[in-house]
Enquirer: 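The structure's right below; bear with me while I get my questions together.
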Amino acid sequence: MTLVTETETETETERHAQGRSSAWTAVCRLDDLEVERGRAALLGDRQIALFLLHDGRVHATANLDPYSGAHVMSRGIVGTRGDAPTVASPMYKQVFDLRTGACLDTQGKDPRMLPVWPVAVNGEGTVFIRDGGAA
């Protein structure tokens with residue numbers, strides 16, 4: 001598999017050094033995604049949310065909103081904060097960085113992280129998620 005686009009927060013070497021295995025799992029076709037509209041998918045037994053941005057990058061987060069406990073992040077509002085691509089929860093409007101999962105706007109609550117996964121798209125337009133635990 002030749003990966004032509006990759007979004008990730010740590011290197012393969014770092015993941016290996018930390019004892020976490022990683023395997024790329026095909027999730028969908030790039031054509032299945034719409035710009036700035038989330039899509040939900042299953043990665044094993046976990047629900048994930050996929051977001052295609054205007055620049056062609058794809059981001060994957062948990063679909064589970066860490067504040068409400070509902071599987072709704074794929075219905076969140078995509079935007080930006082500075083140069084950070086973001087998604088706002090449709091429940092309580094917390095804003096998360098799609099690259100890191102950091103909560104940028106807690107709406108007065110304690111900070112929580114949104115799990116994120118590395119994403120790659122091969123030359124044939126297949127979207128892959130690196131399974132081995134969220135980053």
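What you see is a predicted model, and the numbers here were worked out from it, not measured in a lab. Hydrogens, waters and symmetry mates are skipped; everything else that's a heavy atom, side chains included, is used.
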Enquirer: Quick check: closest heavy atoms across C103 and Y67, and the distance to 0.1 Å?
Expert: SG-OH, 3.7 Å
Enquirer: How far apart are the closest heavy atoms of A41 and L50, and which atoms are they?
Expert: CB-CD1, 4.3 Å
Enquirer: Kindly compute the distance separating CG (L114) from CG (L64), expressed to the nearest 0.5 Å.
Expert: 8.5 Å
Enquirer: Kindly write out the residues that satisfy side chain to side chain contact (heavy atoms under 4.5 Å, CB included) with L30, not counting sequence neighbours, or none if the list is empty.
Expert: L33, L52, V58, V121, V127
Enquirer: What residues, two or more places apart in sequence or in another chain, satisfy salt bridge (Lys or Arg N to Asp or Glu O under 4.0 Å) together with R37?
Expert: none
Enquirer: Please list all pairs meeting salt bridge (Lys or Arg N to Asp or Glu O under 4.0 Å) that have one or both residues in residues 109-121, counting only residues at least two apart or in different chains.
Expert: none
Enquirer: According to side chain to side chain donor-acceptor pair (under 3.5 Å), who are the partners of R39, at least two apart in sequence or on a separate chain?
Expert: E34
Enquirer: Would you please name every residue forming a side chain to side chain donor-acceptor pair (under 3.5 Å) with R29, sequence neighbours left out?
Expert: T126
Enquirer: Can you run down the salt bridge (Lys or Arg N to Asp or Glu O under 4.0 Å) pairs that involve residues 78-92, sequence neighbours left out, and say none if there aren't any?
Expert: R81-D105
Enquirer: Looking at residues at least two apart in the chain, or sitting in another chain, which of them share a side chain to side chain contact (heavy atoms under 4.5 Å, CB included) with V78?
Expert: E36, F51, L53
Enquirer: Check salt bridge (Lys or Arg N to Asp or Glu O under 4.0 Å) between D32 and all other residues, then give those that pass, not counting sequence neighbours.
Expert: none
Enquirer: Heavy-atom distance under 4.5 Å between the side chains of F96 and M113, does that happen here?
Expert: no
Enquirer: Under the rule for side chain to side chain donor-acceptor pair (under 3.5 Å), what residues qualify as partners of S74, not counting sequence neighbours?
Expert: N63
Enquirer: Sequence neighbours excluded, which residues qualify as side chain to side chain contact (heavy atoms under 4.5 Å, CB included) partners of L43?
Expert: T25, R46, I48, W117, I129, D131
Enquirer: Please output the side-chain donor-acceptor pairs of residues 85-93 that fall under 3.5 Å, not counting sequence neighbours, one pair per line with the distance.
Expert:
unit_1, atom_1, unit_2, atom_2, d
T86, OG1, G79, O, 3.2
T86, OG1, T80, N, 3.3
S89, OG, D65, OD2, 2.4
S89, OG, M91, N, 3.1
K93, NZ, P90, O, 2.8

Enquirer: Do the ring planes of F128 and W24 sit parallel (below 30°), tilted (30 to 60°) or perpendicular (above 60°)?
Expert: perpendicular
